[in-house]
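This structure is a prediction, so every number in the text was calculated from the model and none was measured.
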Amino acid sequence: MAVDAVVKPTREVTLAGPPQQNLKIGRSASKNTGVRRPGDLLTGRDERSRPVPARVGRTVSAGFAILTVIFTLGYVYGGAVARTGLMLLSGMAAAVAIAVGLRLHRVADRRPWVLVIIALLLLTVANAGWFHGALAGVPKPPDLLVVPPQLGGYVFMLAASLLIVLRHAPRDASGTIDAAVWGIALAAPLWEFAFRPHMLGAGIGSAGLFLVLTQLLVLLGICGALLRVARTSEAGRACLNYLFASLGCTILGIAVVNMGPVTGENASLPALCFAIGYLALGAAGLHPSVKQLSEPAVNLAPPTPRLKLGFLGSALLLIPVCGGVGQLLGQPADGLLLTIAPLLSVPLVLVRISRLKHALIHQATHDELTGLVNRRHLFTEMQTAIAAHAGGAPGDLALIYCDLNGFKPVNDEHGHEAGDAILRTTARRITVAVRAGDVVARIGGDEFLIFCVDADDATARALGDRIARSIAEPVPWGGRELVVTAAVGAVTRTERRIVAPDEMLAAADERMYADKRASAQSRQHLRPERVDERPQVLPHVVQVDPVEAESRIAS
């Protein structure tokens, strides 16, 4: 069996895909082609008129600083109407800024930020109540006008933060949930020993206690999750910094309102904190790094999350301990804390356990290195499709066997890291080259299988050629280009009877080795051989009784 490997200095990087979609990035790629993207047709701009991200980032930072100064002066020298009006304006401005940023930076996954906009609109309703009260000379608006919108706004904020962090850190999503649970848990002692005594001493009612406790739990839960994200988010760091600034200002405002004097010179401080928090949130959505934070690079094969029972258990125990410590001292237990905190933390723990369950299932059915399905899962898919085909499902079945030429020399010369890079790149290229619905599997070593439903001879041959050309493209690694080729064998099945997947696998394996024996120069891929045209089943193939196979698949 002939193998070949080529190593040459890197001059260009190839993005692999189907032959008609391959793009080469080199010196010529930096030249403006004058071609407009679909988004440019909507905005009326081409690439030359698009703003430079660094310049936009500096503009956003300068605008945030200027608005902060203006709002601070307005709060210092303005009255109650001006202060509440500016707070109302800051929330609306933040919602508009986020909407503009999503469109300007072409953020594809907008769901988290849409939730943020909804949260800001709900908080704006509450701020409008305060503004209306200031106009009417009422010191405090009715709780029904303020409390429900604020609660809804913070719940939407929590949901948005979870979407952001789970999108950003798929390899560490479970750790992020743990951090959020711990954030909620750490809010318990802060509430029980700092906020609650002052608020009870000030005669704050149940509605006020409920609102402040919910705010603390949600905000610290968000803060914990984002702190975990900050460990791995370098590209989205500027957006994260604005989010942290927004959280810090909001928590400070809540603390001043409920624990410090808010009369005289301090009367404007809480509202100013909230307004700056809104502005920081708007700056986060308008900054170019919002795209990197919302659409991070995702690793192909996420590892199985570890369930740290001691870590989660400590967080969950902290809440009842803080809520029940008063009863141990002869005082009433904190029913609000014991009710609201579990309502927020327990669903997160359930999500955590659910992710662990799905991760274990994924690990049992997928290859850890490439993220492709493994042999077991592939055979399950094949059995289902073969049974459907035998029952009269339209179209034929095809199986393509792909084995890499030159992989072992590269692996021996450059080490397993280079070999792993080739395998991961090969998996991505095959996945891009095949059709939607085709099942791509790695069955071990440098061997890949592609199972296709509703694929005739011509389709299987075209897919095999496309896969071989895609794999032959250089793989950038360590300043070099590693080149391997592929031997491809394809078989199609037209006979409508139930057989074991091993029969198709054996036939495709034989065709692949025939391709390996063919000339390495011509790389001619033989016509796919029909399984039903073979004179006999290979000796090692186990015959399966159709009735028995159907009953097993049905069970």
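Taken from CH2 in W113 to CG in L293, the straight-line distance is 6.0 Å, to the nearest 0.5 Å.
A donor-acceptor distance shorter than 3.5 angstrom exists from the side chain of S289 to the backbone of C239, with no hydrogens or angles considered. Judged purely by atom type and a 3.5 angstrom limit, S354 has no side-chain atom pairing as donor or acceptor with the backbone of L350. With R110 contributing its side chain and V107 its backbone, the two residues share a donor-acceptor pair below 3.5 Å. Under the 3.5 Å distance criterion, the side-chain polar atoms of N374 are left unmatched by any main-chain donor or acceptor of R442. Listed for the D438 side chain is no donor-acceptor partner under 3.5 Å among the backbone atoms of V434. A donor-acceptor pair is defined here as one N or O able to donate and one able to accept, closer than 3.5 Å; such a pair exists between the side chain of Y75 and the backbone of R83. Put simply, the side chain of R103 never gets that close to the backbone of I98: no donor and acceptor are under 3.5 Å apart.
The shortest side-chain heavy-atom distance between V116 and F156 does not fall under the 4.5 Å cut-off. F64 has its side chain out of reach of L286: every pair of non-hydrogen atoms, C-beta onward, lies at least 4.5 Å apart.
Other residues, nucleotides and ligands contribute at most 12 non-hydrogen atoms within 6.0 Å of the CZ atom of R376.
Side chains of T370 and D367: a donor-acceptor N/O pair is present below 3.5 angstrom, by distance only. Remark: the Y242 side chain and the S61 side chain contain an N/O donor-acceptor pair separated by less than 3.5 Å.
Partners of V321 according to the side chain to side chain contact (heavy atoms under 4.5 Å, CB included) rule, which considers only residues two or more places apart in sequence or in another chain, do not exist here.
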